[in-house]
Amino acid sequence: MTYNFNDIEKKWQDYWAKNETFKASNTSDQPKYYVLDMFPYPSGAGLHVGHPLGYIASDIYARYKRHKGFNVLHPQGYDSFGLPAEQYAIQTGQHPAVTTEANIKTYRRQLDQIGFSFDWSREVRTSNPEYYKWTQWIFIQLFESWYNNDSNKAEHIDTLVEKFVSKGNVTINAACDDNIEPFTAEEWNNYTSEEQQSILLKYRLTYLAETEVNWCPALGTVLANDEIVNGVSERGGHPVVRKKMTQWSMRISAYAERLLQGLDTIDWTDALKDIQKNWIGKSVGASVTFNVNGHDDVIDVFTTRPDTIFGVSFMTLAPEHELVSKITTAEQKEAVEAYIEKTAKRSERDRMADVKTISGVFTGAYAEHPFSKEPIPIWIGDYVLASYGTGAVMAVPCGDQRDYDFAKHFDIARPNIFEGVDISEEAYASKDNVKIANSDFLNGLAYKKASKLAIYQLEQLGQGEGKTNYRLRDAVFSRQRYWGEPFPVYYVNDKPQMIDAAHLPIRLPEVEKYLPTEEGEPPLGRADVWAWCTESNSVVSNDKINNTTIHPLELNTMPGWAGSSWYFFRYMEDTANRDGVFASEDALKYWENVDLYIGGSEHATGHLLYSRFWVKLLKDRGYVNVEEPFKKLINQGMILGTSAFPMVLILNVDPKVKYSKEFESDFLEDLTYLANVQSQNYFLSKDLSKQFHKAIKLEQIESEFLKGSITNWLDNLLDFEQFKFLSKTDLTIKCEPVELHIPIDCVELDDSINFDSLNNSALYYLHNKEYSFLKNEKGKFITERVPEKMSKSKYNVVNPDSIVADYGADSLRLYEMFLGPLEQYKPWNTAGITGVHNFLKKLWKLYHQGDDINKDNPDYYLHNPSTDDVYSAGKVVKRGFGVNDAEPTKDNLKTLHKTIKKVQEDIENFSFNTSVSTFMIAVNELTQQKCTSKAILEPLLVLISPYAPHIAEELYSKLGHTESISTAAFPKFEASYLVESSKKYPISFNGKMRFTLELPMDMSKDDIEKTVMAHEKTIAQLEGRTPKKVIVVPGKIVNIVG
RNA sequence: GCUGAAGUGGUGGAAUUGGUAGACACGUUGGACUUAAAAUCCAAUGUCCAUUAGGACGUACGGGUUCAAGUCCCGUCUUCAGUACCA
């Protein structure tokens, strides 16, 4: 009976859908387990084989947990707001909602055919108003919160107002803007409502402020720091410039310490934790205040090395520092202004790319050293960043390489304050193994004590204190785009007002075009019905705006990460009960947080940080019970495509010829270049090119066939005017792959080109030129396969649809796991899938040994014998489903139980690739053993079912079960079946294994040694030498030294 | 530059605490079956030397610890990822 995977898979996918097999319940006696994938953005291109990798892994885990008796929540949904749909809308005029809906349909079809055990009844879409209603609601909670550093949590803004009313703001320890003026309770109570609102905005966890943002002109929007890669936009690679704009920001910096501390409580990889740690960038040190000579102004700096305070020989301010214009002397004014202008022109990218150039200007002003009272020259330099710390540094050349280089370049003093350290060549930046010298009261102390004492003395002077700084910046939250969540915000006299939660959602308005307006306003500026009426509490037409009851609405939308920062809570609630809550208290209490989260590491500083931030806020405000969203996180690696390249001839003029003829060297280079350009048209099948990986001459070619073809090519080539005086024998020939992407659809499994499909391909570059493909003796042209990122532009995208059609979903699932460790990057090569596909056929066969054996065993479970034809060994034989009640043999049991052990360990270690090998070994062994015993073959199916659920269901039902296999108990491992009575000992000589010897397990150490030493092979090995030492490790190894 | 991960056959990759390196597959070669192809089955397959028996070498490179190192330690190189003057 043949393995009809297409029929079987369709059958069970329908069964699961119809019976809601994977619907999770919010009430259960079983322990809960929540397995989540990072939900996809439904792009127009659909899925390629790389996308399901993480979904397959999480699905295996979810299915395994069900077998283990857990109530599993394994949902899926769509991150359906985003830039590509909007860019497409701009180009085609189609509403993003329409294209998004179409894309989701494709995604759903593709996901369904892979057989995931998702509970689709709980699906979420971030662009659905019923969903983004709650994103807007959370935004309001952020607006109505402030961060109390004393209680170390966010509180409702009312508690802050209460404090202001009774005590003013001087005793408040809050995360807030830097430019806060102190006021008393009395002053607060006398402020106008508008003044109060302005002040509160500086404390809210989301606030409107003029900030320097990353503006991307090409996309017409601002970008967050994590959306910029190497100075260009992550999407599209467009340049980014700095620009001041009024924007909503998220005060994530308030949570810096908790975000850092929380990492210790979660099970993520160290790599990922390190990325977040670096991004948060905590540094502990001190803030020091320097008086400026001749001015009332002071300069605050942050330093991590207060112990080196006596090593300061100058100060550097960022060119943008506010004091620069104030303190610059008349003589230096011109130079300073010129420098500021020059640095302002340099883009952020230039500044980044060019780290080595030292530049700066003296301001002419001096600061006063807090202890020695010596004058310290104040410089400006663009190595100091305005956005970090206070935008000013105290420069200590002996302890910091940048300060050292700067001082050396401008010939500033470099005093040495380290005992016995040579700083003539470079700074000594280490904090360890050094004592402070030439530093008054700090002399002889090491870093820790000196720092502490320096801070204490600074505090006595009122010129400093201990301080901790974080690199983490507040996150810009406004986007000048259409396809995102609208803010629930309207403006009264330019002051933002929240719309009452009762009136949410505020739906995205219709616009004619998705581009910014002519005035440079965001696309929502084009909406005609986009004003808020405070009487009817509804969105009304713009022309009704009267600024008394009807006000303009916010024109920005929220960024992509808004909707994804809380979606994992939405899944917890049944769709039917989602109306009045983002998730009910009971649901949140039952499911808590995600037990296992699988997704790509590219979200390390975006989604994964912002979600943690929002969860902490929701917890502080009492809406959820957990501090962290994702208990355990695994990053799946990327599956790379394998591009197919032809081998191309590389021609060079033989060096000997170069010198024998009198060429000018330039001319010769041109000639070589030209020869290569011309030869790019000549392709060689890979198997023919082997001789040419080193440069050889024409006459050295071994095959006559090749020599003839290449001679022909060279004749054509040398026909050009420029080559007239060169002969074929002056050239050397080499072969290399050339980056000419042969579309992967036109490449067969043996890497040969299918010229029929290639000629029908729409690729212009393959038709434009006169290419010559030299095929091998079999008439095939073999390409070189090179791993590269899968992308449309590289023509190397493999679609799972075709894989499922040709080999089935179970094969796809197994193969994706078989490729290698989950976390690793690995190339996809469709040819390899035959290995796992054959395995499934063998598995099928193992359960269909019916007819042959049926003759002597009457107890067979035969199903549909009429269709059980199989063609085997040249004959058509009847093969029925053949599993019986035969007593399992010792070998059967051993195979089964070592498989149980290994597979269980593998799944728990997320080592799915090794499980697949284990299954192969088990099936090979059981086939060898001709096992037909139900006691073995039934538990085996449960082991395999998380990986290949369709075939497992089918065979399980054939065993007579009417229920799905999905909740069958995972087989229990019995160690007793694996106990061996003897061991095949490897016998080593000086650590090298020479032969093996089977000995009883219970043989004593002495007896083993005696037996081994008496063995003829040992005697032969020793050739009469007496061994110095014999190492016997019972149950492991014997090693004879000497 | 700094931080992190990784380097094993022609390819993807195994080797759990130091104990038989290359499991399991792909590919390749040869064979069986077939009119033929496909499918299936069998055998060989790290490199080198040797007719065989067998031997030498082998986990990026150079050292070290150990009876024994892919695994532990020191140094070097390469690749990938993150970060980029963070005071």
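Keep in mind the model is a prediction, meaning the values are calculated, not measured. Letters A, B, ... mirror the listed sequences (proteins, then strands); counts begin at 1.
Of the candidates B:G12, B:A87, B:C67, the closest approach to any side-chain atom of A:Ile1031 belongs to B:C67. Nearest nucleotide to the side chain of A:Ile1037, out of B:U20, B:A25, B:C86: B:U20. Listed candidates were B:A14, B:G4, B:G19. Nearest to the side chain of A:Ala271 is B:G4. Comparing B:U40, B:C85, B:G12 by their nearest atom to the side chain of A:Pro827 picks out B:G12. Distance from the side chain of A:Lys826 is smallest for B:G13 among the nucleotides B:C24, B:U40, B:G13. Of all nucleotides listed (B:C24, B:C26, B:U40), B:C24 comes nearest to the side chain of A:Asn924.
Heavy atoms from other residues, nucleotides or ligands lying under 6.0 Å from NZ of A:Lys467 number 12 at most.
With a 6.0 Å cutoff to the six-membered ring centre and a 45° limit on the axis angle, A:Arg414 counts as a cation-pi contact of A:Tyr404.
Summary of the strand contacts: A:Lys1029 and A:Arg994 both lie near RNA chain B, and taking for each the nucleotide with the nearest heavy atom, the more 5' one is attributed to A:Arg994.
The aromatic rings of A:Phe912 and A:Tyr947 sit perpendicular to each other, their planes meeting at more than 60°, with 30° as the lower class boundary. Taking the six-membered ring where tryptophan is involved, the planes of A:Phe406 and A:Trp379 are perpendicular, since the angle between them exceeds 60° and thus also 30°. Taking the six-membered ring for Trp and thresholds of 30 and 60 degrees, A:Phe973 and A:His897 have ring planes inclined between 30 and 60 degrees apart.
Across all strands, A:Asn838 comes closer than 4.0 Å only to sugar-phosphate atoms, never to a base (heavy-atom distances). Residue A:Phe818 is classed as a base contact, given a heavy-atom separation below 4.0 Å to a base. Residue contacts shown for A:Asn469 are absent, as no nucleic acid heavy atom lies under 4.0 Å away. Residue contacts for A:Val1041: at a heavy-atom cut-off of 4.0 Å it reaches the sugar-phosphate backbone alone, with no base atom in range. As judged by a 4.0 angstrom heavy-atom cut-off over every strand, A:Asn1039 is placed among the base-contacting residues. Residue-level contact check: A:Thr834 touches the backbone only, with heavy atoms under 4.0 Å from sugar-phosphate atoms and none from bases.
B:U83: Watson-Crick or G-U partner is B:G1, with both key distances under 3.5 Å. In this entry B:U8 has no Watson-Crick or G-U wobble partner, no candidate having both defining distances under 3.5 Å. The partner of B:A21, taking Watson-Crick or G-U wobble pairs whose two distances both stay under 3.5 Å, does not exist in any strand shown. Pairing partner, B:U45: B:G27, with both Watson-Crick or wobble hydrogen-bond distances short of 3.5 Å. Base pairing of B:U65: no nucleotide in any strand meets the Watson-Crick or G-U wobble criterion (both distances under 3.5 Å). Taking a pair to require two hydrogen-bonding distances under 3.5 Å in either a Watson-Crick or a G-U wobble arrangement, B:A39 remains unpaired.
The nearest whole Å value for the distance from the CZ atom in A:Arg402 to the C1' atom in B:C2 is 12 Å. Regarding A:Ile987, its CD1 atom lies at a distance of 17 Å from the P atom of B:A68, rounded to whole Å. For the pair A:Phe912 CZ and B:C24 P, the computed distance is 22 Å after rounding to whole Å. Between the C1' atom of B:U16 and the CZ atom of A:Phe973 lies a distance of 14 Å, rounded to the nearest Å. Summarising the geometry, the separation between OH on A:Tyr985 and P on B:A68 is reported as 20 Å, rounded to the nearest angstrom. Note: NE2 (A:His848) to P (B:U40) measures 17 Å, nearest angstrom.
Side chain to side chain, A:Asn1039 and A:Ser988 fail the donor-acceptor criterion of an N or O pair below 3.5 Å.
For B:G13, the base adopts the anti conformation, since its glycosidic angle falls more than 90 degrees from zero.
Of the side-chain N and O atoms in A:Asn913, one or more sit less than 4.0 angstrom from OP1 or OP2 of B:A14.
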